[in-house]
Amino acid sequence: MNQTAKIIHQAKKENRKALLEPEAKTICAEYGIPVNKFQLAKTEKEASTYADEIGYPIVLKIVSPDIIHKSDAGGVKVNLKNTQEVAAAYKQIIENAKKYKADAKIAGVLVQEMAPQSTEVIVGAIKDPQFGQTVMFGLGGIFVELLKDVNFRVAPITVEDAKEMITQLKAYPLLNGYRNTPPADIDALVAILCSVSRLVMENPEIKELDLNPVMAYPKGAKTVDARIILE
Ligand code: ADP
Ligand code: MG
């Protein structure tokens, strides 16, 4: 687990609690959690080059240790279809970030593959003062925020635990196929939950982890946003 240890070590050295999205995604990838392709661009020109390499449509996001909720800062632009749109979005994101927080440190702009729309789920972990590392699963948007329809288990979890966390949600029928929506790949979500459990067990300095959202597909799943907070 080379990259993970290195990234955590570096953040500690810089006295940084919140890992940046590319750092969190690199850690996820090392633990076998599927993430979209990404490259950190430091200039508009780099952003265009990476976008051409990754392929359109593209998503751009602000990468700043001072901006945790990127959308709130106008720091996420989705569905960019060509170089011109990428260049314009790059400028806009930097401008928005400065408006949001004048002295925000900006590490760059993350150029990433746009994952197809699908049912969005949330996988999380939190270090409970009493129970220790605990993993969480829920559906995205109102299901978590409004209805609090989420399930928790103390880590480490088994495959059976992970399955229960998913199938015992009130909103589970939404994942199990309804009307024209095909069922989501539950095994892929189970695998992500088990990997997250292993990740937080092996790295006790992780205080919070948030994969929000993970796109759940009929075949496979993909994490498009990852946040890790250290103690
Ligand atoms: P925030 O820091 O505001 O949570 P996110 O990275 O989650 O920022 O982006 C906001 C929303 O944009 C996500 O909830 C998701 O719906 C969409 N999104 C972000 N990245 C991608 C991507 N790579 N592919 C598809 N949709 C994305
Ligand atoms: Mg998010």
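Nothing fancy with the numbering, it's 1 onward along the sequence. Counting starts at 1 for both ligands and their atoms, following the listed order. Note that the structure is a prediction, hence the values are computed from the model and not measured.
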Inset, instruction - Tell me which protein heavy atom sits closest to atom 3 (O) of ligand 1, plus the residue, atom name and distance to 0.1 Å. - result: S71 OG, 2.5 Å
Inset, instruction - For atom 17 (C) of ligand 1, grab the closest protein heavy atom and report residue, atom and distance to one decimal in Å. - result: V78 CG1, 4.3 Å
Legend entry - Residue, atom name and distance, where the atom is the protein heavy atom closest to atom 13 (C) of ligand 1: P213 CD, 3.7 Å
Legend entry - Any donor-acceptor N or O pair under 3.5 Å, side chains K163, Q168: no
Legend entry - Note, Q112 side chain near K25 side chain (heavy atom, < 4.5 Å): yes
Legend entry - Element-labelled atoms of ligand 1 that are located less than 4.0 Å from some non-hydrogen atom of Q112: 20 (N), 22 (C), 23 (N)
Legend entry - Identity and distance of the protein heavy atom lying nearest atom 16 (O) of ligand 1: E120 OE2, 2.9 Å
Inset, instruction - Assess whether atom NZ of K101 is packed by more than 12 heavy atoms of other residues, nucleotides or ligands within 6.0 Å. - result: yes
Legend entry - Inter-residue atom distance L139.CG - D149.CG, 0.5 Å rounding: 7.5 Å
Inset, instruction - Kindly state if atom 19 (C) of ligand 1 has a protein heavy atom within a strict 4.0 Å cut-off, that is, under 4.0 Å? - result: yes
Inset, instruction - Pick one of side chain, backbone, both or neither for how D72 approaches ligand 1, counting any non-hydrogen atom pair under 4.0 Å. - result: neither
Inset, instruction - Output yes when the distance from some N or O of ligand 1 to some N or O of K70 is under 3.5 Å, and no in every other case. - result: yes
Inset, instruction - Using side chain to side chain contact (heavy atoms under 4.5 Å, CB included) as the criterion, point out the one residue from V214, V196, V150, V121 that pairs with F137. - result: V121
Inset, instruction - Using the Mg ion (ligand 2) as the apex, give the angle to atoms OD2 (D225) and O (N212), rounded to 10 degrees. - result: 90°
Inset, instruction - Considering non-hydrogen atoms only, spot the tightest contact between R153 and I157 and give its length. - result: CB-CG2, 3.6 Å
Legend entry - For atom 27 (C) of ligand 1, the protein heavy atom that lies nearest, with its residue and separation: V224 CG2, 3.9 Å
Legend entry - Per-atom contacts, ligand 1 versus N212 - under 4.0 Å to a heavy atom: 7 (O)
Legend entry - Separation of Q133 CD from N203 CG (nearest 0.5 Å): 9.0 Å
Inset, instruction - Going by heavy-atom distance to atom 9 (O) of ligand 1, choose the closest among I67, V76, D210. - result: V76
Legend entry - Closest protein heavy atom to atom 5 (P) of ligand 1, given as residue, atom name and distance to 0.1 Å: D225 OD2, 3.4 Å
Inset, instruction - Please say whether A115 places an N or O atom under 3.5 Å from an N or O atom belonging to ligand 1. - result: yes
Inset, instruction - Might you confirm whether atom NZ of K127 has over 12 heavy atoms from other residues, nucleotides or ligands at distances under 6.0 Å? - result: yes
Inset, instruction - Check if K222 has a non-hydrogen atom at a distance under 4.0 Å from any atom of ligand 1. - result: no
Inset, instruction - Answer yes when E21 and K61 have at least one side-chain N-carboxylate O distance shorter than 4.0 Å, and no when they do not. - result: yes
Inset, instruction - Could you check atom 6 (O) of ligand 1 against the protein and tell me its nearest heavy-atom contact, residue, atom and distance included? - result: K61 NZ, 2.7 Å
Inset, instruction - Would you please say whether a donor-acceptor pair under 3.5 Å links the side chains of N151 and Y172? - result: no
Inset, instruction - Give the cluster check for M215 versus L209: same hydrophobic cluster or not, with ILVMFWY residues linked at side-chain heavy-atom distances below 4.5 Å. - result: no
Legend entry - Under 4.0 Å to a heavy atom of M114 - the qualifying atoms of ligand 1, by number: 24 (N)
Legend entry - Exercise: do D52 and T49 side chains pair donor with acceptor under 3.5 Å: no
Legend entry - Protein heavy-atom partner closest to atom 26 (N) of ligand 1 - residue, atom, separation in Å: M215 CE, 3.8 Å
Inset, instruction - Find all atoms of ligand 1 within a distance of less than 4.0 Å from any non-hydrogen atom belonging to I68, and give their numbers and elements. - result: 2 (O)
Inset, instruction - Before signing off on this row, confirm whether E113 and ligand 1 have an N or O atom pair separated by under 3.5 Å. - result: yes
